[in-house]
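Please read these numbers as outputs of a predicted model, since none were measured by experiment.
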Amino acid sequence: MEVTGLHKSFGDLEVLKGIDITVRGGEVVCVIGPSGSGKSTLLRCVNLLEEPTSGTVRVAGFEVTDPEVDIDRVRRRIGMVFQAFNLFPHLTTLGNLTLPQRRVLGRGRAEAEEVARGNLRRVGLTDKESSYPAQLSGGQQQRVAIARALSMGPELMLFDEPTSALDPELVGDVLAVMRRLAQEGMTMLVVTHEMSFAREVADRVVFMDAGAIVEEGPPEQVVGEPQQARTRAFLARVLDPAAADVLEQEPG
């Protein structure tokens, strides 16, 4: 994936201010930053859920921003997992995984079910194929959403804060699945507030603020020894919120 000179405005509000970012095959890149910094908008521009104001986006050799591009064909190469699980409540787990395959990829029922069951094994939910979303925990629903994306055979996976809607005790199971995907060589662009995941799994960490990339590099640098004052201030707040509050309250 290659993003060059990406700008996105909503009316007078410029949300992305010339983003340049590349994700190589098999690489895991984590994007961190405060709310409103443009992280989710960046992901949505990659698969054209939001149309960029200017700039170019290329995925797997296709220019997504080309007006003549077959965007449906490109989107088949991109899996996206949202904060909300976006499962069909009236379908079982297996139904949620097979419907997109059959409608978009034209697979028959038997093939779609075989692929779905394989991906349910990958996320540790083989015993939940007959369950409906309401019968699953939030963490299980998010793992179903990951399995659904994987069932489409993507070359690039986008994760938009996939654990932000989960109770803390459920976060670990979802992150464990994402770690396994990284170990398998899946190309991933991950927006996250989970600093431990970024430290352990990312090949690179990108810190965004106010619609721009402030700092980028290996996790041991960006998370461990950030060079920019804005990055240090953000990490102080995220890694030790109580200490950050104390610092704000101290005079001078």
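Taking each heavy atom of Leu16 and Gly38 in turn, the nearest pair found is CD2-O, 3.4 Å. Between Pro133 and Gln141, the shortest heavy-atom distance links the atoms O-NE2, 3.3 Å. Between Gln228 and Val214, the closest heavy-atom pair is CG-O, 3.7 Å. For Met188 against Val23, the heavy-atom pair with the smallest separation is O-CG1, 4.1 Å. Between Ala116 and Leu94, the shortest heavy-atom distance links the atoms CB-CD1, 3.8 Å. Counting all heavy atoms, side chain and backbone alike, Val28 lies closest to Ala182 at CG2-CB, 3.7 Å.
With a 4.5 Å cut-off on side-chain heavy atoms, Val104 and Met152 count as touching. Looking only at side-chain heavy atoms (C-beta outward), Arg148 and Pro100 come within less than 4.5 Å of each other. With contacts defined as side-chain heavy-atom distances shorter than 4.5 Å, the pair Val144/Val123 does not qualify. The side-chain heavy atoms of Val46 and Leu158, taken from C-beta on, include a pair separated by under 4.5 Å. Between Pro89 and Tyr132 there is no side-chain heavy-atom pair separated by less than 4.5 Å. Counting heavy atoms from C-beta on, the side chains of Lys128 and Leu136 come closer than 4.5 Å. A 4.5 Å side-chain heavy-atom check between Thr93 and Leu120 finds at least one atom pair inside the cut-off. Arg24 is not listed as a side-chain neighbour of Asp203, based on a closest heavy-atom distance of 4.5 Å or more.
Looking only at distances, a side-chain donor or acceptor of Gln227 sits under 3.5 Å from a matching main-chain atom of Glu225. Between the Thr163 side chain and the Leu166 main chain, no donor and acceptor come within less than 3.5 Å of each other. For Thr187 (side chain) and Gly26 (main-chain N/O), a donor-acceptor pair under 3.5 Å exists by modelled atom type. Using modelled atom types, one side-chain atom of Gln142 and one backbone atom of Pro162 make a donor-acceptor pair closer than 3.5 Å. Checking side-chain atoms of Glu200 against main-chain N and O of Phe197 turns up no donor-acceptor pair under 3.5 Å. Looking only at distances, no side-chain donor or acceptor of Arg107 sits under 3.5 Å from a matching main-chain atom of Glu113. At least one donor-acceptor pair closer than 3.5 Å links the side chain of Gln101 to the backbone N or O of Leu97. Between the side chain of Arg121 and the main chain of Thr126, no donor-acceptor pair closer than 3.5 Å is present. Put simply, the side chain of Arg199 never gets that close to the backbone of Pro219: no donor and acceptor are under 3.5 Å apart. Asn96 places a side-chain N or O within donor-acceptor distance of the main-chain N or O of Phe88, the cut-off being under 3.5 Å.
Checking Glu194 against Thr192 by side-chain atom types alone, no donor-acceptor pair falls below 3.5 Å. Between the side chains of Ser37 and Asp209, no donor-acceptor pair is found at a separation under 3.5 Å. Between the side chains of Glu215 and Thr231, at least one donor-acceptor pair of N or O atoms lies under 3.5 Å. Between the side chains of Asp20 and Thr4, no donor-acceptor pair of N or O atoms lies under 3.5 Å.
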Do Phe10 and Thr41 pass the side chain to side chain contact (heavy atoms under 4.5 Å, CB included) test, and can you show the C-alpha distance, the side-chain angles, and the key distance before you say yes or no? CA-CA 11 Å; Phe10 295 97; Thr41 301; 4.3 Å; yes

Test side chain to side chain contact (heavy atoms under 4.5 Å, CB included) applied to Val31 and Phe207, step by step: CA-CA 6 Å; Val31 183; Phe207 173 66; over 6 Å; no

Please step through side chain to side chain contact (heavy atoms under 4.5 Å, CB included) for the pair Val222 and Glu216, ending with a clear verdict. CA-CA 7 Å; Val222 177; Glu216 177 180 359; 5.6 Å; no

For a side chain to side chain contact (heavy atoms under 4.5 Å, CB included) check, start with the C-alpha distance between Ile19 and Leu42, then their side-chain angles and the critical distance, and finish with the verdict. CA-CA 8 Å; Ile19 299 295; Leu42 168 62; 4.1 Å; yes

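A distance of 15.0 Å separates NZ in Lys8 from NZ in Lys17, rounded to the nearest 0.5 Å. The SG atom of Cys30 sits 8.0 Å away from the CE atom of Met195 when rounded to the nearest 0.5 Å. One distance of note links CD of Glu14 with NE2 of His7; it measures 6.0 Å at 0.5 Å rounding. Note that CZ of Phe159 is 10.0 Å distant from CG of Leu175, once rounded to the nearest 0.5 Å. Taking CD1 of Ile21 as the reference point, atom CG of Leu189 lies at 5.5 Å (rounded to 0.5 Å). In this structure, Met186 CE and Leu150 CG are separated by 5.5 Å, a value rounded to the nearest 0.5 Å.
Considering Val174, Ile146, Leu43 in turn, Ile146 is the only one that fulfils the side-chain contact (heavy atoms from CB on, under 4.5 Å) rule with Val81.
Tracing side-chain contacts under 4.5 Å through hydrophobic residues (I, L, V, M, F, W, Y), one reaches Met1 starting from Ile213; they form part of the same cluster. Linking Ile, Leu, Val, Met, Phe, Trp and Tyr whenever their side-chain heavy atoms come within less than 4.5 Å puts Leu156 and Leu6 in one cluster. Placement of Val29 and Val201 in two distinct hydrophobic clusters is found when ILVMFWY residues are connected by side-chain heavy-atom separations under 4.5 Å, directly or transitively. Tracing side-chain contacts under 4.5 Å through hydrophobic residues (I, L, V, M, F, W, Y), one never reaches Leu105 starting from Ile71; they form parts of separate clusters. The hydrophobic clustering, which links ILVMFWY residues whose side-chain heavy atoms are closer than 4.5 Å, places Val171 and Val191 apart.
No more than 12 heavy-atom neighbours from other residues, nucleotides or ligands sit within 6.0 angstrom of CD on Glu114. More than 12 heavy-atom neighbours from other residues, nucleotides or ligands sit within 6.0 angstrom of CD on Glu220.
Using a cut-off of 4.0 Å between Lys/Arg side-chain N and Asp/Glu carboxylate O, Glu184 and Arg180 are scored as not salt-bridged.
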Per-pair distances, 0.1 Å, donor-acceptor, side chain in residues 49-58, under 3.5 Å, sequence neighbours excluded:
residue	atom	partner	partner atom	Å
Thr53	OG1	Ser9	N	2.9

